[in-house]
Amino acid sequence: MDNIDLVFATNNQNKIIEIRSILKKPFSIITLKDAGIDIDIPEPHDTLEANASEKSFTIHQLTNKNCFSEDTGLEVFSINSEPGVKSARYAGEGRNFQDNINLLLKNLEGKSDRSAQFRTVVSLIWENKEYLFTGICLGTIIEKQKGEAGFGYDPVFVPEGSHNTFAEMSIEEKNKFSHRKKAVTQLIEFLKMKVS
Ligand code: ITT
């Protein structure tokens, strides 16, 4: 199969590392840095789907190449699916992972239901048309953070089927459960069909 180049519309280095561990040959990821683009991509909407679309369309307009983006939210059921679409900026514009975790744990104090899900929406623009793929990982928010790996809310999220937080796992282990892996696997299946 010929090489398939895809621009990945993200400024999040952790996402690039995780997605490079999933999207292997014949796919090649072109980062925004590789493409010479240095912008803070807008995420003005109140759904993951709309923000993912905004990111991929913004970058498609600039590059005119096949591209994809993803928007991810942590949805905690007992607090109205917060932080949800606000996951990156839950504790303010500083986008500080530790501040976000602290606020989440504070808002969950005294709650017996700590169930949650990560939801990733991938927006792919392939030959000028958009396609959306969703991946969900169910789990629980623990009371005290554990682990150093990963990013964002990984130290407080234990996926169903494990006793460890995502921050206690290697990328390969996280991929056995992860929302991002599930969404990107659908993208891979879709593109394999398109180019076969
Ligand atoms: P781009 O928009 O540039 O892709 P971002 O960091 O702004 O990067 P999102 O809008 O999707 O990405 O923000 C989601 C936030 O949710 C992210 O900053 C993390 O704090 C958190 N998050 C996303 N995926 C996660 C994961 O797999 N594990 C833990 N936290 C995650």
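All ligand and atom numbering here is 1-based and tracks the order in the structure. These numbers were taken from a predicted model, which means no experiment stands behind them.
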Q. With under 30° as parallel and over 60° as perpendicular, where do the rings of F8 and F68 fit, or are they tilted in between?
A.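 Because their plane-to-plane angle is under 30°, the rings of F8 and F68 count as parallel.
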Q. With sequence neighbours left out, which residue pairs that include part of residues 187-196 fulfil the salt bridge (Lys or Arg N to Asp or Glu O under 4.0 Å) condition?
A.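 Those involving residues 187-196 do not exist here.
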Check ligand 1 against the protein and report each N/O to N/O distance under 3.5 Å, formatted as atom name, atom name, distance.
from	atom 1	to	atom 2	distance (Å)
ligand 1	2 (O)	E43	OE2	3.3
ligand 1	2 (O)	K55	NZ	2.7
ligand 1	3 (O)	T10	OG1	3.3
ligand 1	3 (O)	N11	N	2.8
ligand 1	4 (O)	T10	OG1	2.6
ligand 1	4 (O)	K15	NZ	2.8
ligand 1	6 (O)	N12	ND2	2.9
ligand 1	7 (O)	E43	OE2	3.2
ligand 1	7 (O)	R95	NH1	3.4
ligand 1	7 (O)	R95	NH2	2.9
ligand 1	10 (O)	E43	OE1	2.5
ligand 1	10 (O)	D71	OD1	3.0
ligand 1	11 (O)	K15	NZ	2.8
ligand 1	11 (O)	D71	OD1	3.3
ligand 1	11 (O)	T72	N	3.0
ligand 1	12 (O)	K15	NZ	2.9
ligand 1	24 (N)	R180	NH2	2.8
ligand 1	27 (O)	K174	NZ	2.8
ligand 1	27 (O)	H179	NE2	2.8
ligand 1	27 (O)	R180	NH1	2.9
ligand 1	28 (N)	D154	OD1	2.6
ligand 1	28 (N)	K174	NZ	3.4
ligand 1	30 (N)	Y153	N	3.1

In a table with atom names and distances, give each donor-acceptor pair under 3.5 Å that connects a side chain of residues 118-127 to protein atoms at least two apart or in another chain.
from	atom 1	to	atom 2	distance (Å)
R119	NE	E75	OE1	3.2
R119	NE	E75	OE2	3.2
R119	NH1	E49	OE2	3.1
R119	NH2	E75	OE2	3.0
T120	OG1	T72	OG1	2.9
S123	OG	S56	OG	2.5
S123	OG	E130	OE2	2.6

What side-chain donor-acceptor pairs closer than 3.5 Å can you find for residues 147-158, not counting sequence neighbours?
from	atom 1	to	atom 2	distance (Å)
Y153	OH	S87	O	2.7
D154	OD1	K174	NZ	3.3
D154	OD2	F151	N	3.0
D154	OD2	K174	NZ	3.0

Q: Check whether the side chains of N107 and Y90 place a donor and an acceptor atom closer than 3.5 Å, and report yes or no.
A: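 Side-chain D/A pair, N107 to Y90: present.
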Q.
Assess, by modelled atom type and distance only, whether the side chains of S115 and D113 contain a donor and an acceptor separated by less than 3.5 Å.
A.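 There is such a pair (donor and acceptor under 3.5 Å, judged by atom type) between the side chains of S115 and D113.
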